[in-house]
Number of protein chains: 2
Amino acid sequence: MTYTVHKLAELAGVSKRTLRYYDQIGLLHPAEINASGYRIYTEKEVDLLQQILFFRELDVDLDTIKSIIYSADFDRKKALEEHRDRLLDKQEHIRMLLENVEKSIQAMERKVEMTDNEKFIGFKEEKIAENEANYGEEIREAYGKEAVEVANQKFRGLNEEQYRKMEAVEQRLFEKLKRAMQGGDPTSPGAMQTAELHREWLSFNWSAYSKEAHAGLAEMYVHDERFTAYYDNKIGEGAAQFLRDSIRHYTMQ
Amino acid sequence: MTYTVHKLAELAGVSKRTLRYYDQIGLLHPAEINASGYRIYTEKEVDLLQQILFFRELDVDLDTIKSIIYSADFDRKKALEEHRDRLLDKQEHIRMLLENVEKSIQAMERKVEMTDNEKFIGFKEEKIAENEANYGEEIREAYGKEAVEVANQKFRGLNEEQYRKMEAVEQRLFEKLKRAMQGGDPTSPGAMQTAELHREWLSFNWSAYSKEAHAGLAEMYVHDERFTAYYDNKIGEGAAQFLRDSIRHYTMQ
DNA sequence: TCTAAACGATGACGCTGCGTCAACCGCAAG
DNA sequence: CTTGCGGTTGACGCAGCGTCATCGTTTAGA
């Protein structure tokens, strides 16, 4: 089955302008231009547009989407599976906002006390999770390594030199983490240096640093199995936990 | 407790630029400007910012947010309750996307068949629900009648004359619906005229019409109790159901 | 006390992803 | 042929900031 702009826009719930814009920027070309000059889309473009809409739903910018879906090692099934995971994250985020709003209502009824910090739960955590999910190595593993190399760099808004620097910092972080783990004490000077390196690594992505956010992110490392697996696979069993403990201590000083 | 820009940005997980921009557009003024020219925010602004972030999470534009929160009859508790309902809607929307992605995965494994239409479930429904939720009378009831009058008009991008026209069409719709209901037959010519009027009413908000979308919206009228209550309260018990049945018949022709 | 770093300010430019509009061609039905 | 709906390209504008430059203020440590 083939579609013109109007029919595809209707099918997918997007505007005709959107489809023309996507053609213009090379994100979604029609299968052909017919004799009248009309854009004609096929099944292949339908599947591509579905992918685009999932990425869009997950707040990925169009340039990045383009890099991902047109790379040689793009795997549609794998991408769908990753979309699923991300949507589950998003669902969790909304659950947190629902908790927040419930508690805010109760606070207004004088049933509970609420700190200023608690009033923003779900908004702040989103930012931390989003930054890490977007900027960390995990997205590379998820969507395909080489596919996302350039996309990730763009994510970060880093130039070549800065990117190299960040990779170097991460490398030293891994080494230092491995060595500090052998000592077994997450409050040792070596562990503190590890946490400091982690902070330095974050500085490439975060415009503002806070100990609270740092500690919050570290908690995620042990609660989200993808993050745990990332570090444990790189360094060894228990690396994410050790890093979390080090950062917790570091941020309490 | 008071906050400078940095501290409030950190607390809330927004950028300093955002806070300055919100001050500039009159959305969130600081409590005072101190002797150094620094913005100083208090508890009151914290609560306002929380509201703003909830509205932002629900994709309400800043101009509209401003109209709502600064109206004389703005009720914080009631707004929080409405945010809760909207967040539940959003959660439902994500659940639908999760169903979609699961089915897409299974279709790739050849376990099920999937139509092109099914591939966009969750994307299209979102648009319908969003349009209706934003453009219908319900938001007025929810957040405060007079508060949203101008905001709603802006939502629609309608000028004064078009707005009056739309209200007139809705009025005729109610009358026609009431009369058709008395006949009891949702396939009668009167019922078809009702559905046609409903379609005309939609034309003020929808840039493109499809029978499918029309039917989908009508289904929502009986599945979402707020929509059901809206019509039943206006016309009488069973109005939403009757309207749904009429539209279903109308869109099958 | 001095200094450096971090805080704050304003002004201005630019970006992303379209929405809207104008002008014009193609298609189908009456 | 006419009308209404479909399509096209080109171009301007918008919302909501991100980024940068320049300069004043505050804070903590030597």
Side-chain angles (χ1 to χ4, degrees), chain A residues 2-10 12-30 32-41 49 52-53 55-57 59-67 127 131 151 154-159 162 203 205-211, chain B residues 2-10 12-30 32-41 52-53 55-57 59-67 127 131 151 154-159 162 203 205-210:
Chain A
T2 63
Y3 302 89
T4 55
V5 161
H6 184 94
K7 286 165 69 178
L8 184 58
E10 200 167 81
V14 299
S15 71
K16 287 178 282 188
R17 177 75 182 106
T18 299
L19 291 177
R20 281 191 276 258
Y21 179 65
Y22 287 359
D23 182 16
Q24 178 190 331
I25 64 173
L27 180 59
L28 181 66
H29 288 306
E32 66 170 294
I33 309 290
N34 74 6
S36 314
Y38 286 18
R39 292 174 176 83
I40 304 297
Y41 298 91
L49 182 56
I52 291 166
L53 293 184
F55 277 112
R56 215 176 63 169
E57 185 69 31
D59 294 319
V60 181
D61 69 274
L62 299 186
D63 210 35
T64 304
I65 296 172
K66 183 177 162 189
S67 295
K127 190 169 175 66
N131 284 352
K154 179 175 167 54
F155 255 167
R156 298 181 176 103
L158 303 178
N159 61 36
Q162 290 171 321
S203 75
N205 299 319
W206 286 2
S207 55
Y209 173 86
S210 74
K211 288 185 179 179
Chain B
T2 63
Y3 302 88
T4 56
V5 161
H6 184 92
K7 286 165 69 180
L8 183 58
E10 200 165 79
V14 299
S15 72
K16 288 178 282 189
R17 177 73 183 104
T18 298
L19 290 177
R20 282 191 276 258
Y21 179 66
Y22 288 178
D23 182 17
Q24 177 189 331
I25 64 173
L27 180 58
L28 181 67
H29 287 307
E32 67 170 291
I33 309 290
N34 74 7
S36 313
Y38 285 20
R39 293 173 175 84
I40 304 296
Y41 299 90
I52 290 166
L53 293 184
F55 277 112
R56 213 176 66 167
E57 185 70 31
D59 292 322
V60 181
D61 69 274
L62 299 186
D63 210 36
T64 303
I65 296 172
K66 184 175 157 190
S67 296
K127 190 167 175 66
N131 283 353
K154 177 174 167 58
F155 255 165
R156 298 182 176 100
L158 303 177
N159 60 38
Q162 290 171 323
S203 74
N205 299 320
W206 286 2
S207 55
Y209 174 85
S210 74

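Note that the structure is predicted; figures quoted are calculated from it, not measured. Below, all heavy atoms of this structure are taken into account, side chains as well, without hydrogens, waters or symmetry copies. Within every chain, numbering begins at 1; the chains are lettered A, B, ... in the order of the sequence lines, protein sequences first and strands thereafter.
With rounding to whole Å, Y3(B) atom OH is found 21 Å from dT26(D) atom P. One can place CZ of R17(A) at 10 Å from P of dT9(D), the figure rounded to the nearest angstrom. One interatomic measurement links the two molecules: CG of D63(A) to P of dG17(C), which rounds to 8 Å at whole-angstrom precision. Rounding to whole angstrom units, NZ of residue K66(A) and P of dT16(C) are separated by 12 Å. Between the CG atom of L53(B) and the C1' atom of dG16(D) there is a distance of 14 Å, given to the nearest Å. Taking atom CG of D61(B) as the reference point, atom P of dC17(D) lies 11 Å away to the nearest angstrom. What separates CD1 of I40(A) from P of dG26(C) is a distance of 15 Å, to the nearest Å. Here dC17(D) presents its P atom at 8 Å from CD1 of I25(B), a figure rounded to the nearest Å.
Every residue was checked against the side-chain hydrogen bond (donor to acceptor under 3.5 Å, both in side chains) condition with Y38(B), not counting sequence neighbours, and none meets it. In this structure, the side chain to side chain contact (heavy atoms under 4.5 Å, CB included) partners of K66(B), at least two apart in sequence or on a different chain, are L27(B), Y70(B).
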Classify every nucleotide of nucleotides 4-10 of chain C by which part a protein heavy atom approaches to under 4.0 Å, writing B for the base, S for the sugar-phosphate alone and - for neither, in 5'-to-3' order.
---BSSB
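Residue A12(B) comes nearest to L53(B) through the heavy atom pair O-CD1, 3.9 Å, listed as atom of the first residue, atom of the second, then distance. Taking each heavy atom of L62(B) and Y22(B) in turn, the nearest pair found is CD1-CE2, 3.5 Å. Between A9(B) and L19(B), the shortest heavy-atom contact is N-CD1, 3.6 Å.
Listed nucleotides dC17(D), dG19(C), dG17(C) differ in distance to S15(A); the shortest reach to its side chain belongs to dG19(C).
Side-chain polar atoms of T18(B) and S15(B) form a donor-acceptor pair below 3.5 angstrom.
Within the nucleic acid shown, L62(B) comes within 4.0 Å of sugar-phosphate atoms alone, with no base atom in reach, counting heavy atoms only.
Checking the phosphate oxygens (OP1, OP2) of dC18(C), a side-chain nitrogen or oxygen of Y22(A) falls inside 4.0 Å.
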Under the criterion side-chain contact (heavy atoms from CB on, under 4.5 Å), I'd like the reasoning laid out for V5(B) against R20(B): C-alpha separation, chi angles, the key distance, then a yes or no.
CA-CA 8 Å; V5(B) 161; R20(B) 282 191 276 258; 4.2 Å; yes
